[in-house]
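The structure under discussion appears below in the form of structure tokens.
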There are 2 protein chains.
Amino acid sequence: MERMQIAIENLKAHGGRITHARKAVLQALVTAKTHVTAEDLLNIVQKQFPEVHISTVYRTLDALEKLGVVDHVHLGHGKAVYHLTDNSHQHIVCEMCSSVEEVPYQLFTELQSNLKEKYGFQMRMNHFAVIGKCRRCLKESGSTRPSSSTH
Amino acid sequence: MERMQIAIENLKAHGGRITHARKAVLQALVTAKTHVTAEDLLNIVQKQFPEVHISTVYRTLDALEKLGVVDHVHLGHGKAVYHLTDNSHQHIVCEMCSSVEEVPYQLFTELQSNLKEKYGFQMRMNHFAVIGKCRRCLKESGSTRPSSSTH
DNA sequence: ATCTTTGCAAACTTTTTGCACCAAT
DNA sequence: ATTGGTGCAAAAAGTTTGCAAAGAT
């Protein structure tokens, strides 16, 4: 409710209109919290408003992204995932089983300062995924299907 | 020449066949060295072999990727970029001007060990991009077009 | 001779866009 | 009343696939 209100005010402040679809997308984002695809959001939203179209979801996400409320990441092949901007974590994605785990952004702060210091580059937390192999797949390595890899 | 030979032997060793197209793609990769799209490669290859089709490029890249010779990254929206695996660097991508800079992988080794230690996750170097704002855009910040953002 | 790779066209997946209508302010 | 948002259908953009023919071993 809290976070929704902020986003809604933000939208209004920029001349945006508050529609059922937008509220529902926002609500879905707040609830889902992390790595949902546009399609995921659509499915959630359509439970309440079946007539909402995927293009509306994309356009809403676009609008929210321009306001800085939402961000998205390309975890690999396929769909992008969206989330509210202040979920401070990074994603580690297993290239064997495609699992996604969240790790605290603190692990990345040193990298962040190094990039800033040495390259003048201001790294954006939360906007990329680290690819590799997860604990489980490493253990079973070889025995398991490299299946639908994420890269 | 060197690196091409290694890749070629690798291909042969796995029952692969050495074709004009494959040699040309490999050559293009060796020459281009970094962040080329499948289409870039196609253009290069077609200078020598105009009949080569984009699907051949993709299939060649797939094959090379399975051998560990090639890797690809999704730098953001749009096309993936491919490169030979032993270019030990990471990419930092500016979300304002879309410029790509390479930084030595050493900056990432600590993160790598942390992820291994704390999460059992074996991070793959070279397979993701760090998004943020480059020095120049930070300086001009606001004054410049956020143009074709990479995210 | 065998089995892989190729070119082509067509399918597929994800995202974007044009347009006429609808709805929020 | 005005302007921005929506649904739809169709296009785009990037990549993958089925197939018959060509090519590498």
Side-chain angles (χ1 to χ4, degrees), chain A residues 7-26 35-43 45-46 48-67 70-82 98 147-151, chain B residues 7-26 35-43 45-46 48-67 69-82 98 148-151:
Chain A
I8 286 178
E9 293 314 318
N10 201 337
L11 260 177
K12 278 188 187 166
H14 288 258
R17 293 176 184 181
I18 310 307
T19 65
H20 293 307
R22 286 182 164 189
K23 262 197 277 197
V25 169
L26 215 30
H35 48 76
V36 278
T37 65
E39 204 186 354
D40 293 338
L41 289 169
L42 180 69
N43 290 333
V45 167
Q46 285 188 334
Q48 229 194 121
F49 306 106
E51 75 286 1
V52 169
H53 196 268
I54 185 79
S55 65
T56 299
V57 173
Y58 277 114
R59 285 190 275 222
T60 300
L61 288 169
D62 261 22
L64 293 173
E65 202 155 356
K66 268 174 193 137
L67 299 177
V70 157
D71 205 353
H72 82 267
V73 198
H74 295 266
L75 295 180
H77 268 175
K79 309 177 185 179
V81 296
Y82 295 78
S98 297
S147 81
S148 58
S149 139
T150 356
H151 57 291
Chain B
I8 286 178
E9 294 313 319
N10 202 337
L11 258 178
K12 278 188 188 165
H14 287 260
R17 291 172 186 188
I18 310 308
T19 64
H20 292 309
R22 287 181 164 189
K23 263 197 278 199
V25 169
L26 216 30
H35 49 76
V36 277
T37 65
E39 203 185 354
D40 292 339
L41 290 168
L42 180 70
N43 291 333
V45 166
Q46 284 188 335
Q48 230 195 120
F49 306 105
E51 75 285 2
V52 169
H53 196 268
I54 184 80
S55 65
T56 299
V57 174
Y58 277 114
R59 285 192 275 223
T60 300
L61 288 169
D62 261 20
L64 293 173
E65 202 154 354
K66 268 173 195 139
L67 299 177
V69 173
V70 155
D71 204 351
H72 83 267
V73 199
H74 294 267
L75 295 181
H77 269 177
K79 309 175 186 182
V81 297
Y82 296 78
S98 297
S148 57
S149 138
T150 357
H151 56 292

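As a basis for the values below, the full set of heavy atoms in this structure was taken, side chains included, without hydrogen atoms, waters or symmetry mates. We name chains A, B, ... by the order of the sequence lines, and we start the count at 1 in each one.
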For [X], report the nucleic acid contact type (base, sugar-phosphate, nothing); a contact means any heavy atom under 4.0 Å.
X	result
Ala38(B)	nothing
Ile18(A)	sugar-phosphate
Thr37(A)	nothing
Ala63(A)	nothing

Side chains of residues 51-63 of chain B: which donor-acceptor partners sit under 3.5 Å, not counting sequence neighbours?
residue: His53(B); atom: ND1; partner: Ser55(B); partner atom: N; Å: 3.1
residue: His53(B); atom: ND1; partner: Ser55(B); partner atom: OG; Å: 3.1
residue: Ser55(B); atom: OG; partner: Arg59(B); partner atom: NH2; Å: 3.4
residue: Thr60(B); atom: OG1; partner: Thr56(B); partner atom: O; Å: 2.8

Exercise. Considering only heavy atoms of chain A and a distance under 4.0 Å, specify the first and last nucleotide of DNA chain D in 5' to 3' order that meet this criterion.
Key: dT3(D) to dT16(D)
Exercise. Would you give the length of the straight line joining atom CG of Leu67(A) to atom CG of Leu11(A), rounded to the nearest 0.5 angstrom?
Key: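 Result: 5.0 Å between the selected atoms.
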Self-check item: Between NZ on residue Lys23(A) and CZ on residue Phe49(A), distance to nearest 0.5 Å
Solution: 8.0 Å
Practice problem: State whether Arg22(B) places a side-chain N or O below 4.0 Å from either non-bridging phosphate oxygen (OP1 or OP2) of dT5(C). | Solution: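 Yes, such a contact exists.
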Exercise. Could you pick out which residue, Val52(B) or Gly16(A), lies toward the 5' side of DNA chain C when each is mapped onto its nearest nucleotide?
Key: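 Its nearest nucleotide being more 5', the pick is Val52(B).
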Exercise. Nearest-nucleotide wise, let me know which of His53(B) and Arg17(B) is further upstream toward the 5' end of DNA chain C.
Key: Arg17(B)
[N] [atom2] sits how many Å from [X] [atom1], rounded?
X	N	atom1	atom2	answer
His72(A)	dT16(C)	NE2	C1'	13 Å
Asp62(A)	dT14(C)	CG	C1'	13 Å
His14(A)	dA24(C)	NE2	C1'	18 Å
Glu51(B)	dT5(C)	CD	C1'	13 Å
Ile54(B)	dA9(C)	CD1	P	15 Å
Lys23(B)	dT6(C)	NZ	P	12 Å
Tyr58(A)	dT14(C)	OH	P	8 Å
Leu11(B)	dT6(C)	CG	C1'	15 Å

Quiz item: What nucleotide, of dA23(C), dT15(C), dT6(C), holds the atom closest to the side chain of Thr60(B)?
Solution: dT6(C)
Quiz item: Can you tell which of dA24(C), dT6(C), dT17(C) lies closest to the side chain of Arg59(A)?
Solution: dT17(C)
Practice problem: State, with a plain yes or no, whether a side-chain heavy atom of Val45(A) is found less than 4.5 Å away from one of Leu42(A). | Solution: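 No, every pair of side-chain atoms sits at 4.5 Å or beyond.
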Self-check item: Asp71(A) side chain near Glu65(A) side chain, heavy-atom distance below 4.5 Å
Solution: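 Result yes, sub-4.5 Å side-chain heavy-atom pair found.
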Quiz item: Can you name the nearest heavy-atom pair linking Tyr82(A) to Val70(A), along with the distance?
Solution: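 So the minimum-distance heavy-atom pair works out to CD2-CG1, 4.0 Å.
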Self-check item: Nearest non-hydrogen partners of Ala80(B) and His72(B), listed with the distance
Solution: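 That closest heavy-atom pairing would be CB-CD2, 3.7 Å.
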